Amino acid sequence: MTDIMKRKFVALEISGKNYMTWVLDAEIHLDAMGLGDAIQDKMKASTQDCAKALIFLCHHLDEGLKIEYLTVKDPLVLWNDLKERYDNLKLVTLPQSQYNWAHLRLHDFKSVSEYNSTMF
């Protein structure tokens, strides 16, 4: 089934390997749309804003995750559940990424453009 709306960024994979970038993208987009309070403080967000934020978050989830969190009706609960499920990946992937970044050298690549592509 194709998406009716175009996604603004890559959907969160069920494996969670793109969780760290997904969280940053989701927070930025929700703040830009004025819906940041829906995932930070339920008391500040209106029910309409919570519904919009939930639709946005669900639209940017893998189909398997949508099915798992089908009964969640609150964006803050969904946000916290995903955080609890995938936040431990920071302990695994972040040190490896920092090590790779620190040891990235220009002479390991065939061209400067390949180096730039890997760096960014």
Side-chain angles (χ1 to χ4, degrees):
M1 177 180 245
T2 61
D3 290 328
I4 294 172
M5 285 179 22
K6 187 173 180 176
R7 288 191 175 120
K8 300 194 184 270
F9 52 92
V10 178
L12 176 62
E13 297 177 16
I14 198 161
S15 66
K17 74 177 186 177
N18 66 335
Y19 174 73
M20 290 174 27
T21 57
W22 182 87
V23 164
L24 292 173
D25 288 338
E27 282 179 331
I28 290 168
H29 279 85
L30 286 171
D31 283 338
M33 294 186 302
L35 303 172
D37 288 337
I39 60 168
Q40 295 169 355
D41 187 5
K42 179 134 172 81
M43 303 307 272
K44 290 183 182 178
S46 68
T47 55
Q48 189 175 28
D49 285 348
C50 286
K52 287 178 186 177
L54 185 62
I55 290 168
F56 181 81
L57 290 174
C58 288
H59 185 68
H60 290 86
L61 291 179
D62 181 72
E63 290 300 319
L65 285 172
K66 282 183 191 177
I67 292 168
E68 274 188 56
Y69 293 102
L70 188 63
T71 59
V72 176
K73 304 278 190 224
D74 185 1
L76 183 60
V77 172
L78 177 62
W79 187 261
N80 289 334
D81 286 352
L82 292 171
K83 182 177 182 174
E84 184 177 314
R85 180 176 180 162
Y86 295 117
D87 209 32
N88 64 338
L89 294 176
K90 287 181 185 175
L91 300 175
V92 176
T93 58
L94 188 59
Q96 181 63 41
S97 297
Q98 288 173 333
Y99 174 83
N100 290 343
W101 177 259
H103 294 91
L104 188 65
R105 297 173 298 210
L106 183 60
H107 65 80
D108 291 337
F109 298 93
K110 294 178 184 174
S111 67
V112 173
S113 62
E114 187 180 334
Y115 170 78
N116 286 337
S117 174
T118 302
M119 188 169 76
F120 292 113

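Sequence positions, counted from 1, serve as the residue numbers for this chain. As the structure is a prediction and not an experimental result, all values here were calculated from the model. Quick note: numbers below take in every heavy atom, side chains included, and nothing from hydrogens, waters or symmetry partners.
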Q. Can you check whether L65 reaches R85 side chain to side chain, under 4.5 Å on heavy atoms?
A. yes
Find the distance between [atom1] ([X]) and [atom2] ([Y]) and round it off to the nearest 0.5 Å.
X	Y	atom1	atom2	value
M20	D87	CE	CG	9.0 Å
F56	K8	CZ	NZ	6.5 Å
L76	Q40	CG	CD	9.5 Å
I55	C50	CD1	SG	11.5 Å

**Q.** Given E68, E13, K66, the one that forms side chain to side chain contact (heavy atoms under 4.5 Å, CB included) with L61
**A.** K66
Q | Which residues share a side chain to side chain contact (heavy atoms under 4.5 Å, CB included) with T21, sequence neighbours left out | A | N18
Q: Please name all residues satisfying side chain to side chain contact (heavy atoms under 4.5 Å, CB included) with V77, sequence neighbours left out, ordered by chain then number.
A: V72, D74, D81
Q. Taking the six-membered ring for Trp, are H60 and F9 parallel (under 30°), tilted (30 to 60°) or perpendicular (over 60°)?
A. parallel
Show every donor-acceptor pair shorter than 3.5 Å between a side-chain atom in residues 26-39 and any protein atom, with sequence neighbours excluded, or say none if there are none.
residue : atom : partner : partner atom : Å
H29     : ND1  : D25     : O            : 2.9

Q. After noting the C-alpha distance and the side-chain angles of W79 and L57, does the key distance pass the side-chain contact (heavy atoms from CB on, under 4.5 Å) rule?
A. CA-CA 8 Å; W79 187 261; L57 290 174; 4.0 Å; yes
Q: Indicate if I14 and L12 have the same hydrophobic cluster label, given that clusters are the connected sets of ILVMFWY residues with side-chain heavy-atom separations under 4.5 angstrom.
A: yes
**Q.** Shared hydrophobic cluster, V23 / L54 (ILVMFWY, side-chain heavy atoms < 4.5 Å)
**A.** yes
